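Before I ask anything, here is the structure I am working with.
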Amino acid sequence: MSKTASVKVYHGYGHTNNLVLYGHAFKFKAKTTQNFSNNLLVNIVHLFKLFVVKPYAFANIKLEFEGQIVETRAAYDGFFKFEWKALKDVKAGWHKVRVSVLDENKREVLAEGKGAVFVPHITQYAFISDIDDTVMISHSAKFARRLRELFIKNPRTRKTFPSAKTHYQLLATAHTQVAQPNPFFYVSSSEWNLYDYLVETFRFNQLPEGAFLLNQLKRWKSLFITGKTGHEGKLIRIMRILDAFPNQKFVFFGDNSQKDPSIYHTIAKKYAKNIIAIYIRNIRPSQAEETRKLLADIEQHSIKTCLFSHSDEAIEHSKKIGLIYSNPKT
């Protein structure tokens, strides 16, 4: 196999009639093994390497899924998306896929990667959550503090909000079996460069496994503007999830440090029948009144809402509306 390319495959999602998987093809990608050091310089170098990439523009990409082969081409930035219909019924749960980068003649495999697609039970709840300042303390609205969090800390020293793990774990097993957890979709304006960083942070903090949908890949020259763009793209990514699961009932989590309330307000008007509740963490008290107005309007569509400062408040609200049990099953 050639060393002229590599491929990164992200968790996918869907059901028998609409499966979706994303990834990136690279001509070069810096080695980014993380040693979780507390050394500032080590963390800065590691973060820098996440943005040292050379996308493989318009690469030929092949996907293999349970004997089925699907082909596509990457975009100019190496990003590729597969959307396909399975040849046979797909059971609920995680399913393995193999993705290959092919040469121009589609004869030689230049790189291979493995991934997985999650198919939820149609009776299960699904959760869409923002990341920065909703689950993970990021100071997104303050540019200097956001960069400080990224540079000084590593994925295992990044802090999540108190009780956020407890709330999400309760929701993951709400009205379902522990072996068949509810699906989580983590949607962020952070770039795909930070995918492994975020996955490690979530796993280390014992948050539910899920599919991450992030923003357009950036090169190292754009490192210092990470997370500053893509709110419109975030709206589109969320709508794609809802369109992929027209029979699923969703719960949203966000915060009012940036655009989540207005994004969710827009979505609620179009997908009211698919949304049970919307939770907004009150990061910016100065925006609380405006957030309450948007949530009040959302409630006119028979959607429950909760503006909270601490996850314990959100947990109590989830118990009140029957999302989770007052005495959770073990």
Side-chain angles (χ1 to χ4, degrees), residues 8-15 18-23 81 90 92-97 114-136 138 155-156 158 160-161 163-215 233-234 236-245 248-255 260 263-264 267 274-279 281 311 314 318 323-324:
K8 182 69 180 176
V9 186
Y10 310 117
H11 282 341
Y13 58 88
H15 51 78
N18 188 18
L19 293 161
V20 181
L21 185 83
Y22 301 101
K81 174 186 177 182
V90 182
W94 287 96
H95 300 268
K96 295 180 180 179
V97 298
K114 295 180 180 179
V117 176
F118 185 77
V119 176
H121 288 270
I122 206 163
T123 56
Q124 288 178 277
Y125 291 120
F127 300 90
I128 295 178
S129 176
D130 176 54
I131 295 174
D132 293 311
D133 291 320
T134 297
V135 180
M136 194 165 68
S138 302
R156 293 186 177 180
R158 288 297 296 273
T160 57
F161 286 98
S163 300
K165 175 187 78 172
T166 301
H167 194 191
Y168 280 38
Q169 287 179 343
L170 289 170
L171 293 170
T173 55
H175 306 277
T176 186
Q177 300 174 11
V178 174
Q180 299 171 342
N182 293 313
F184 273 76
F185 300 91
Y186 299 113
V187 184
S188 172
S189 296
S190 293
E191 297 77 16
W192 283 111
N193 307 70
L194 296 172
Y195 178 82
D196 288 335
Y197 181 105
L198 293 170
V199 169
E200 180 62 34
T201 296
F202 275 56
R203 286 177 177 168
F204 184 76
N205 285 281
Q206 300 178 308
L207 287 150
E209 196 80 9
F212 286 76
L213 290 94
L214 307 178
N215 197 19
K234 187 174 180 179
I236 293 170
R237 290 193 294 275
I238 292 172
M239 290 172 66
R240 283 175 180 163
I241 298 170
L242 291 164
D243 289 338
F245 299 102
Q248 216 84 27
K249 298 297 183 183
F250 286 85
V251 176
F252 285 66
F253 285 86
D255 63 85
D260 287 348
I263 290 173
Y264 294 174
I267 291 171
N274 300 92
I275 304 172
I276 294 174
I278 292 176
Y279 290 82
R281 186 180 294 277
S311 289
S318 292
L323 262 181
I324 57 179

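The residues of the chain are indexed from 1 along the displayed sequence. Only a predicted model underlies this, so the values are computations on that prediction, with no experimental measurement involved.
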Phe184 and Leu171, any side-chain heavy atoms less than 4.5 Å apart: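 With C-beta onward as the side chain, the pair touches.
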Spacing of Leu194 atom CG and Glu200 atom CD [to the nearest 0.5 Å]: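 Going from CG on Leu194 over to CD on Glu200, the span is 13.5 Å.
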Where Ala314 and His167 come nearest, the two heavy atoms and their spacing: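 What the structure gives for the nearest pair is CB-CE1, 3.5 Å.
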Contact summary for Ala277 and Tyr279, nearest pair of heavy atoms: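 Scanning both residues, the minimum pair turns out to be CB-CE1, 3.9 Å.
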Qualifying residue, where the test is ring pair (Phe, Tyr, Trp, His ring centres under 6.0 Å) with Phe212 and the options are Phe202, Phe185, Tyr197: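 Result: among Phe202, Phe185, Tyr197, Phe202 is the only option passing the ring pair (Phe, Tyr, Trp, His ring centres under 6.0 Å) with Phe212.
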Donor-acceptor pair, side chain of Gln180 and main chain of Gln124, under 3.5 angstrom: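 Looks like no, no N/O pair under 3.5 Å.
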Contact summary for Pro181 and Phe118, nearest pair of heavy atoms: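 What the structure gives for the nearest pair is O-CZ, 3.7 Å.
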Heavy-atom closest contact (Arg240 atom, Tyr22 atom, distance):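 Nearest pair, atom of Arg240 first, then Tyr22: CD-OH, 4.3 Å.
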Between CG on residue Leu21 and NE2 on residue His11, distance to nearest 0.5 Å: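 The NE2 atom of His11 is 10.5 Å from CG of Leu21, to the nearest 0.5 Å.
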For the student: nearest non-hydrogen atoms of Gly12 and Trp94, plus distance: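 Minimum heavy-atom contact is O-CZ3, 4.4 Å.
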Short side-chain to backbone donor-acceptor contact, Gln248 and His121, under 3.5 Å: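 Yes, Gln248 side chain to His121 backbone: donor-acceptor pair under 3.5 Å.
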Donor-acceptor under 3.5 Å (Asn182 side chain, Ala174 main chain):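 It does hold such a pair.
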Salt-bridge criterion met for Asp260 and Arg281 (N-O under 4.0 Å):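 Looking at Asp260 and Arg281, the cut-off is not met.
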Residues Tyr168 and Ser311: side-chain donor-acceptor under 3.5 angstrom: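 Their side chains do not contain a donor-acceptor pair, so the 3.5 Å distance test is not met.
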Nearest-0.5 Å distance, CE of residue Met136 to OG of residue Ser129: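 Answer rounded to 0.5 Å: 11.0 Å.
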Lys96, NZ: over 12 other non-hydrogen atoms inside 6.0 angstrom: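 Counting neighbours around NZ of Lys96, 12 or fewer heavy atoms of other residues, nucleotides or ligands fall under 6.0 Å, so no.
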Nearest-0.5 Å distance that lies between atom OG1 in Thr160 and atom CD1 in Ile131: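 One finds 12.5 Å between OG1 of Thr160 and CD1 of Ile131.
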Point-to-point distance, once rounded to the nearest 0.5 Å, from CZ of Arg158 to OG1 of Thr201: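 Spacing of CZ (Arg158) from OG1 (Thr201) equals 6.5 Å.
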pair Ile238-Phe250: side-chain heavy atoms closer than 4.5 Å: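 No, too far: nothing below the 4.5 Å cut-off.
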Validation row: Lys8, Trp192 side chains within 4.5 angstrom (heavy atoms):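 Result no, sub-4.5 Å side-chain heavy-atom pair not found.
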Whether Phe252 and Tyr264 hold their rings parallel, tilted or perpendicular, with breakpoints at 30° and 60°: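 Perpendicular.
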Side chain to side chain, Asn215 and Lys234, heavy atoms closer than 4.5 Å: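 The answer is no; the side chains never approach within 4.5 Å.
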Leu214 vs Leu198 side-chain heavy atoms within contact, under 4.5 Å: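 Leu214 vs Leu198: side chains touch.
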Closest non-hydrogen atom pair, Asp130 against Asp255: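 Looking at all heavy atoms of both residues, the closest pair is OD2-OD2, 2.8 Å.
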Donor on one side chain, acceptor on other, Ser189 and Asp132, under 3.5 Å: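 Note: Ser189 and Asp132 side chains miss the donor-acceptor criterion.
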Close side-chain approach of Ile267 to Ile278, heavy-atom, < 4.5 Å: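 No; the side chains remain at least 4.5 Å from each other.
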Rounded distance [0.5 Å steps], CZ in Phe245 versus CG in Asn274: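 Going from the CZ atom of Phe245 to the CG atom of Asn274 covers 12.0 Å.
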Ring centers of His175, Tyr125 separated by less than 6.0 Å: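 Under 6.0 Å, so yes.
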Side-chain touch Leu213/Tyr13, heavy atoms, less than 4.5 angstrom: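 A side-chain contact exists here, since the closest heavy-atom pair is under 4.5 Å.
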Note, Asn205 side chain near Lys165 side chain (heavy atom, < 4.5 Å):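 Counting from C-beta outward, Asn205 and Lys165 never come under 4.5 Å.
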Pair Ile236-Met239, side chain to side chain contact (heavy atoms under 4.5 Å, CB included): steps then yes or no: CA-CA 5 Å; Ile236 293 170; Met239 290 172 66; 5.5 Å; no
Aromatic plane relationship, Phe253 with Phe127 - under 30° parallel, 30 to 60° tilted, over 60° perpendicular: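 Phe127 vs Phe253 ring planes: tilted.
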